[in-house]
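As structure tokens, the structure follows; a few thoughts come after it.
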Amino acid sequence: MVSTGETITFVITNTGQVAHDFTLGDQTAQDDHEEEMAEMMESGDMTMHDEDNVVVLQPGETKELTWNFTESGTFLIGCHQPGYYAGGMKATIDVD
Ligand SMILES: [Cu+2]
């Protein structure tokens, strides 16, 4: 549980063998990113870049993402590498 106005620094380590990403946002942002990834797959260019709310982690990599939760509501963390989000690689954060 996070309180509105709180700033959280997530420290994320990819302990797996393949790339994953950590995308923070509401449901709309997650859906948009999932759509964007589908378009990237079609174009054959799967190069992803870090954004304010996205970090891409290669195996063994650790990165930080700091976010100020200015609004209450339900936020999600999702991985949008092909198939993972649909496969349940997501988590929910409730902001009060
Ligand atoms: Cu993943």
Side-chain angles (χ1 to χ4, degrees):
M1 186 74 79
V2 175
S3 300
T4 304
E6 215 172 330
T7 299
I8 308 276
T9 296
F10 299 89
V11 181
I12 313 113
T13 302
N14 181 356
T15 59
Q17 303 296 317
V18 297
H20 292 286
D21 68 71
F22 180 102
T23 299
L24 181 65
D26 59 14
Q27 187 66 60
T28 306
Q30 300 293 338
D31 292 345
D32 285 354
H33 199 167
E34 194 64 9
E35 206 170 295
E36 193 184 324
M37 291 301 286
E39 283 165 15
M40 285 169 77
M41 264 172 77
E42 274 174 30
S43 75
D45 178 8
M46 296 296 294
T47 314
M48 273 185 71
H49 300 285
D50 290 355
E51 297 172 37
D52 283 352
N53 66 325
V54 181
V55 289
V56 183
L57 299 128
Q58 300 305 318
E61 211 170 17
T62 297
K63 287 184 181 175
E64 291 185 6
L65 189 151
T66 299
W67 194 259
N68 180 13
F69 290 90
T70 56
E71 288 174 38
S72 62
T74 301
F75 287 79
L76 294 115
I77 297 160
C79 170
H80 294 274
Q81 301 301 305
Y84 288 112
Y85 187 73
M89 193 172 273
K90 59 182 104 170
T92 303
I93 301 173
D94 289 318
V95 181
D96 248 6

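Start at 1 with the first residue, then count along the sequence. Remember, it's 1-based here, ligands and their atoms both numbered in the order they're listed.
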Point-to-point distance, once rounded to the nearest 0.5 Å, from CD1 of I77 to CH2 of W67: 12.0 Å
Could you check if a side-chain atom of [X] sits within less than 4.5 angstrom of a side-chain atom of [Y], using non-hydrogen atoms only?
| X | Y | value |
| --- | --- | --- |
| V56 | D50 | yes |
| V11 | T62 | yes |
| Q30 | T23 | yes |

Give the C-alpha distance, both sets of side-chain angles, the deciding distance and a yes or no for side chain to side chain contact (heavy atoms under 4.5 Å, CB included) between N14 and Q58. CA-CA 7 Å; N14 181 356; Q58 300 305 318; 5.6 Å; no
Mark yes or no for whether T4, through its side chain, and T70, through its backbone, hold a donor-acceptor pair below 3.5 Å. no
I need the protein N, O or S atoms closer than 2.8 Å to the Cu ion (ligand 1), given as residue plus atom name.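 Listed by chain and number: H20 ND1, C79 SG, M89 SD.
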